[in-house]
Amino acid sequence: MLTAYVAPALTAGAAGVATGQQDLAVAALTSIAGTSAVVALLVGTWLRHGGQPRRWTTTMPRTALTLGLVITAAGAAAALGWFTAQWLPTHTPIPATPWLERLRIDLPVSAALATTIVTLRWRATTPAARPTPTPGPPAPRSRA
């Protein structure tokens, strides 16, 4: 989880410093890296499922599993970003500021990247479950 925080913080922070975008440098340490770390923890915990992965997560094609989880995590993060940017200024003394508007982009993008990385790494280290054989007619016995 430390890597899930540090990697986006360094890359987005360096980009913010290099391009002179102070808001990006600040967001790199807060909304971008924080979202990445939280999503990596949640998705990783869900995938591990107490050390016993769900059977369908190990039999589903890697691309389909990743895409499904990315859509779910990014969708939830987008809803949270939109809700926060809309709700906070109207219901609290926090004014509408550019950093609140950044949440609409920062949260879903960070969630999508973290989910993709965690899911692909998890699948690379988790053996695929063997399909359950379907019962058929008994095999003929040989006469010996």
S.K.: Heavy atoms only: give me the nearest Ala27-Asp106 pair and the separation to one decimal.
M.R.: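 Nearest heavy atoms, Ala27 then Asp106: CB-OD2, 3.6 Å.
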S.K.: Applying the 4.5 Å side-chain criterion to the ILVMFWY set and letting contacts propagate, would Leu88 and Phe83 be lumped into a single cluster?
M.R.: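 Looking at the clustering, Phe83 is in the same group as Leu88.
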S.K.: Nearest 0.5 Å, please: how far is CG in Leu100 from CZ in Arg102?
M.R.: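 CG of Leu100 is found 12.0 Å from CZ of Arg102.
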S.K.: Once rounded to the nearest 0.5 Å, what's the spacing between atom CG of Leu113 and atom CD1 of Ile117?
M.R.: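 Atom-to-atom, Leu113:CG and Ile117:CD1 are 6.0 Å apart.
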S.K.: How far apart are the closest heavy atoms of Ala114 and Ala40, and which atoms are they?
M.R.: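 Scanning both residues, the minimum pair turns out to be CB-N, 4.3 Å.
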S.K.: Under 3.5 Å, is there a donor-acceptor pair between the side chain of Ser36 and the main chain of Ile32?
M.R.: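 Flag not set: sc Ser36 to bb Ile32 has no pair under 3.5 Å.
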S.K.: Say whether, by atom type as modelled, one donor and one acceptor occur between the side chain of Thr115 and the main chain of Ala112 under 3.5 angstrom.
M.R.: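 Checked: no pair found.
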S.K.: Answer yes or no: is there a donor N or O on one side and an acceptor on the other, between the side chain of Thr58 and the main chain of Arg55, under 3.5 Å?
M.R.: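 A pair under 3.5 Å: yes.
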S.K.: Restricting to non-hydrogen atoms, name the atom on Leu103 and the atom on Pro108 that form the minimum distance, rounded to 0.1 Å.
M.R.: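 Minimum heavy-atom separation between Leu103 and Pro108: O-CD, 3.7 Å.
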S.K.: How close do Gly13 and Ala28 get, heavy atom to heavy atom, and via which atoms?
M.R.: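 Shortest heavy-atom contact: N-CB, 3.2 Å.
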S.K.: Hey, does the Lys NZ or Arg CZ of Arg62 hover above the aromatic six-ring of Trp122, less than 6.0 Å from the centre and inside 45° of the axis?
M.R.: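 No - Arg62 does not lie over the ring of Trp122 by the 6.0 Å and 45° rule.
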S.K.: From Trp99 CH2 over to Ile94 CD1, what is the distance, rounded to the nearest 0.5 angstrom?
M.R.: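 That separation rounds to 5.5 Å.
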S.K.: Of all the heavy-atom pairs spanning Leu107 and Ser31, show the shortest one and how long it is.
M.R.: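 The answer is CD2-O, 4.0 Å.
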S.K.: Measure the spacing between CG of Leu10 and OG1 of Thr3 and express it to the nearest 0.5 Å.
M.R.: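 One finds 10.5 Å between CG of Leu10 and OG1 of Thr3.
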S.K.: For Gly81, is there any backbone N or O sitting under 3.5 Å from a side-chain donor or acceptor partner on Thr84?
M.R.: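 The answer is no, because no donor-acceptor pair under 3.5 Å joins these two groups.
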S.K.: Are Trp56 and Val70 joined in one hydrophobic group, where the rule is that I, L, V, M, F, W and Y side chains link up if heavy atoms are under 4.5 Å apart?
M.R.: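 Different hydrophobic clusters.
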S.K.: Heavy-atom distance under 4.5 Å between the side chains of Val43 and Thr119, does that happen here?
M.R.: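 Side chain of Val43 against side chain of Thr119, heavy atoms only: contact under 4.5 Å found.
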S.K.: Is it the case that more than 12 heavy atoms not belonging to Arg121 sit under 6.0 Å from its CZ atom?
M.R.: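 Not more than 12 within 6.0 Å, no.
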S.K.: Flag yes if more than 12 heavy atoms outside Trp82 fall under 6.0 Å of its CH2 atom; otherwise flag no.
M.R.: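 Open: at most 12 neighbouring heavy atoms sit under 6.0 Å from CH2 of Trp82.
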S.K.: Tell me the closest heavy-atom pair linking Leu65 and Thr57, and the distance in Å.
M.R.: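 Heavy-atom minimum between the residues: CD2-O, 3.4 Å.
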S.K.: State the CZ-CD distance between Arg104 and Gln86, to the nearest 0.5 angstrom.
M.R.: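 So the CZ of Arg104 and the CD of Gln86 are separated by 4.5 Å.
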S.K.: Is Trp46 close to Leu69 at the side-chain level, that is, under 4.5 Å between some pair of heavy atoms?
M.R.: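 Yes - at least one pair of side-chain heavy atoms lies under 4.5 Å apart.
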S.K.: Would you find a donor on one side and an acceptor on the other, under 3.5 Å apart, between the side chain of Tyr5 and the backbone of Leu29?
M.R.: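 Side chain of Tyr5 to backbone of Leu29, a donor-acceptor pair under 3.5 Å: yes, one is there.
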S.K.: Checking the side chain of Arg123 only, and the main-chain atoms of Thr66 only, is there a donor and an acceptor separated by less than 3.5 Å?
M.R.: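 Side chain of Arg123 to backbone of Thr66, a donor-acceptor pair under 3.5 Å: no, none is there.
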